[in-house]
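Working notes, structure below.
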Amino acid sequence: MYAQIIIDITSDALDRAYTYRIPEGMEVCTGDRVSIPFGVSNAIKTGYVVGLTEHVDYDPSRVKEIHSVMHDAISVKEQLIHLASWMSAEYGTTMNQCLKTVLPVKRAVRKNSRRIDPLLRYVDEKDEYHELNPEQQAAADRIIEGFRKCVEQMASGGFHVADTFSGDTISIPASVRSGISLSCEGSGDYMPKAHESVPRYLLHGITGSGKTEVYLHVMEEVIKAGYKVIMLIPEISLTYQTVIRVSTRFKGRVAILNSRMSIGERFEQYMKCETGEVDILVGPRSAVFAPFEKLGIIIMDEEHEGAYKSETAPRYETRDVAYQRAKLCHCPVLYGSATPSVNIYTKALNNEVSLIELHRRAKSGSSLAAAEIIDLRAELEKGNRSIFSDRLYELIREKLSKHEQIMLFMNRRGYSNFVSCRSCGKAVKCPHCDVSLTLHRDGVMRCHYCGYEIPLMKKCPSCGSPYLAPFGFGTEKLETLVKQTFPEAVVLRMDADTTKNKGGHEKILEQFRNHKADILIGTQMIVKGHDFPDVTLVGLIAADLSLSAPDFHASEKTFQLITQAAGRAGRDKDSGQVIIQTYQPDHYSIALSAAQNYKLFYEKEIGFRKLMGYPPMEHLMTIQLLSGDEDMLSMISGAASDAFKPECEAEKAEFIGPLNASVYKVNDIYRKIVYIKHPEHDIIIRLRDKFTASVRNIDKRGLVMLNYDIQ
Ligand code: ADP
Ligand code: ZN
Ligand code: ZN
């Protein structure tokens with residue numbers, strides 16, 4: 001017997017499967033991690049078994065033997081290997097990197113590290129079970145019906161489940177340059193049926209319409225039928241309440257991942273899935289790789305959240321990976337959101353995803369808060385230079401006197417945004433990155449990109465003048481101003497700086513929930529999914545900050561932030577108020593989020609995307625070229641682009657670049673960008689590979705690093 005092995009070395013050149021002999025008596029399965037001799041020196045390396053075969057086409061005596069099997073990793077089910085190979089082709093990343101992404105590896109948990117069982121931390125409340133209202137029931141019924149259909153199709157033999165994949169051929173994707181295809185034991189096509197579609201649902205319901213309760217009921221049915229559940233959340237800190245509800249409802253049957261866990265802690269949680277100790281894995285995007293054998297549904301809460309996109313290669317979109325995983329297990333996917341992404345809503349309108357709507361708030365007596373837009377330009381004209389409009393000031397006073405709670409939202413952390421010189425006009429920048437340093441209250445300026453810090457200097461580093469002044473403001477400054485203006489209020493602040501420590505989010509949220517404070521100030525961290533019954537006022541200090549982001553998603557993000565923030569108020573009986581302070585009161589993303597009118601917002605936004613040829617109307621491939629050598633980067637990116645342009649013209653694809661990235665230098669690495677646009681997915685993937693070849697053709701030594709991002 002022979003094994004096909006991907007060597008654990010991140011290098012495009014080595015990213016192909018190598019054949020090794022399985023020694024007599026050794027048991028090797030697809031998905032195992034093995035150690036093998038590699039190269040002329042026979043250095044011992046680690047590799048992943050991606051296939052098994054009985055024959056080799058060449059002289060078997062030249063085939064090396066596997067050294068040993070490492071039992072330190074979750075055995076990747078064939079399912080996950082297929083998923084890795086799909087990711088490799090889609091995102092242009094090596095198979096090795098993709099395998100590492102889908103395969104959790106064990107690391108020793110440090111002995112005396114004080115560890116709290118994550119489950120214990122989250123189960124501390126009583127279960128608030130609700131019978132579903134008719135609208136919720138209809139939603140749950142539809143999804144459960146979809147699940148049952150999938151189960152029936154599998155039972156009737158019309159479908160290969162993961163366990164039977166070993167009889168198939170694994171196609172190693174195009175990114176593996178040799179383009180070989182691994183013949184495994186037995187015969188059969190490459191998962192013929194796995195590419196049939198599985199049902200996808202979009203549960204679109206306003207905040208508080210009871211989506212989570214619907215998930216819980218669906219989960220119950222799936223588990224009763226003997227299947228497992230993956231529940232994806234953008235980030236634990238953003239959806240703390242949801243995690244508590246799931247782990248309370250299904251006590252002892254839930255594993256939890258969170259981004260602050262150590263590798264060892266994560267491994268323990270994955271193990272619980274593999275051994276069947278739990279029925280549910282709740283976690284951020286990496287939970288989509290849960291090693292469940294019988295997966296019954298993937299639920300993706302807050303589908304629109306940016307945290308679902310991986311920031312490192314493979315830069316995957318969890319929404320799409322979840323769908324691929326579901327196709328491999330033949331189970332449905334349920335996306336839920338109050339503000340669905342433009343992408344998924346377009347799929348819903350094209351009937352690729354079934355749209356289910358919830359129109360009312362679930363709790364009786366609870367209603368959507370009324371939102372008021374305050375034009376900050378008019379405040380200035382009145383002579384009000386404070387950051388509180390007269391109306392917001394009045395309302396804060398009123399709520400404080402009634403002992404009600406307030407949330408104030410500001411989309412920037414740090415005390416002042418940046419420090420600039422009033423003499424030469426230059427902002428103080430990070431010496432390693434192309435961004436301004438942020439001044440913090442402790443008098444230290446920090447780079448939010450690389451962590452560089454330096455005390456606030458006395459003289460301008462550019463011209464030497466002493467006239468340095470802080471400019472703009474962030475959450476820290478807001479906190480200071482709130483305390484000055486409302487000295488009687490107890491104030492909490494939640495942002496990346498106050499939540500650095502493990503459990504930092506939970507502590508702050510719990511204090512606020514238990515009404516230990518009157519006002520919670522925060523960045524977008526505080527606007528998501530939390531349910532604070534005593535909050536009756538939500539203030540957005542500068543709602544349009546996110547509109548100026550250099551990104552075609554800016555309006556979508558702004559609409560989502562405001563709608564979600566507004567949804568925090570009036571979750572209980574007292575109806576709440578929302579104040580939106582802005583300089584652009586007429587912008588559709590602001591006006592329509594205040595009106596909570598998703599459909600009209602979508603129409604405007606999709607019109608804009610159509611006009612500009614932006615996703616989801618066309619696919620956009622962003623390729624980043626990185627190097628520490630600025631001149632060489634310029635030369636290579638320029639020459640590669642020139643050589644590549646005719647290919648784009650032949651495909652009628654649009655090519656833009658090379659341009660300097662909006663932050664040109666980070667950590668002393670220079671970044672150039674090219675964009676390729678085309679309506680067809682497969683063409684864009686092909687063009688990406690051609691551009692890569694064009695770069696490598698000039699850059700033979702591989703000095704320029706390439707990152708890909710497909711949208
Ligand atoms: P969403 O996830 O859409 O924001 P939730 O499921 O969190 O909504 O529900 C909002 C609130 O309404 C929660 O406090 C929840 O306990 C309550 N709730 C949900 N479903 C019902 C129901 N059928 N009857 C009464 N209250 C409900
Ligand atoms: Zn100066
Ligand atoms: Zn920096």
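Below, all heavy atoms of this structure are taken into account, side chains as well, without hydrogens, waters or symmetry copies. Whatever order the structure lists them in is the order used to number ligands and atoms, beginning at 1.
At a 4.0 Å cut-off, at least one heavy atom of R245 sits close enough to ligand 1 to count as contact. The shortest heavy-atom distance from G205 to ligand 1 is not under 4.0 Å.
Using modelled atom types, one finds a donor on one side chain and an acceptor on the other under 3.5 Å when comparing E303 with S341. With no hydrogens or angles considered, a side-chain donor-acceptor pair links H432 and D668 at under 3.5 Å.
A pairwise comparison of heavy atoms in Y345 and L202 identifies CD1-CD2, 3.9 Å as the closest pair.
A salt bridge does not link E302 with K211: every distance from a Lys NZ or Arg NE/NH1/NH2 to an Asp or Glu carboxylate oxygen is 4.0 Å or more. Salt-bridge formation is detected for the pair K599/E357: a Lys NZ or Arg NE/NH1/NH2 atom is positioned less than 4.0 Å from an Asp or Glu carboxylate oxygen. Ion pairing of E510 with K507 is absent here, as no side-chain N (NZ or NE/NH1/NH2) approaches a carboxylate O to less than 4.0 Å.
Below the 2.8 Å limit, the Zn ion (ligand 3) has as protein N, O or S neighbours C430 SG, C433 SG, C447 SG, C450 SG.
Atoms of ligand 1 lying under 4.0 Å from any heavy atom of N133, numbered from 1 in the order shown and given with element: 23 (N). Interface of E131 with ligand 1, defined as ligand atoms under 4.0 Å from a residue heavy atom, comprises 22 (C), 23 (N). Annotation for ligand 1: atoms under 4.0 Å from non-hydrogen atoms of E128 are 16 (O). Shown in contact with A362 at under 4.0 Å from a heavy atom are these atoms of ligand 1, numbered in order with element: 12 (O), 18 (N), 19 (C), 20 (N), 21 (C), 24 (N), 25 (C), 26 (N), 27 (C).
You'll find the ring centres of Y129 and H217 inside the 6.0 Å limit.
The part of H130 lying near ligand 1 is the side chain, judged by heavy-atom distances below 4.0 Å.
For the salt bridge (charged side-chain N to carboxylate O under 4.0 Å, His left out) test, no residue two or more places apart in sequence or in another chain qualifies with D518. Residues satisfying the salt bridge (charged side-chain N to carboxylate O under 4.0 Å, His left out) test with E630, not counting sequence neighbours, are none. Remark: K516 engages no residue in a salt bridge (charged side-chain N to carboxylate O under 4.0 Å, His left out) (not counting sequence neighbours).
Checked against a 3.5 angstrom limit, the closest N/O atoms of L132 and ligand 1 fall outside it. Of the polar atoms of T207, none of the N or O atoms is found under 3.5 Å from an N or O of ligand 1, judged by distance alone.
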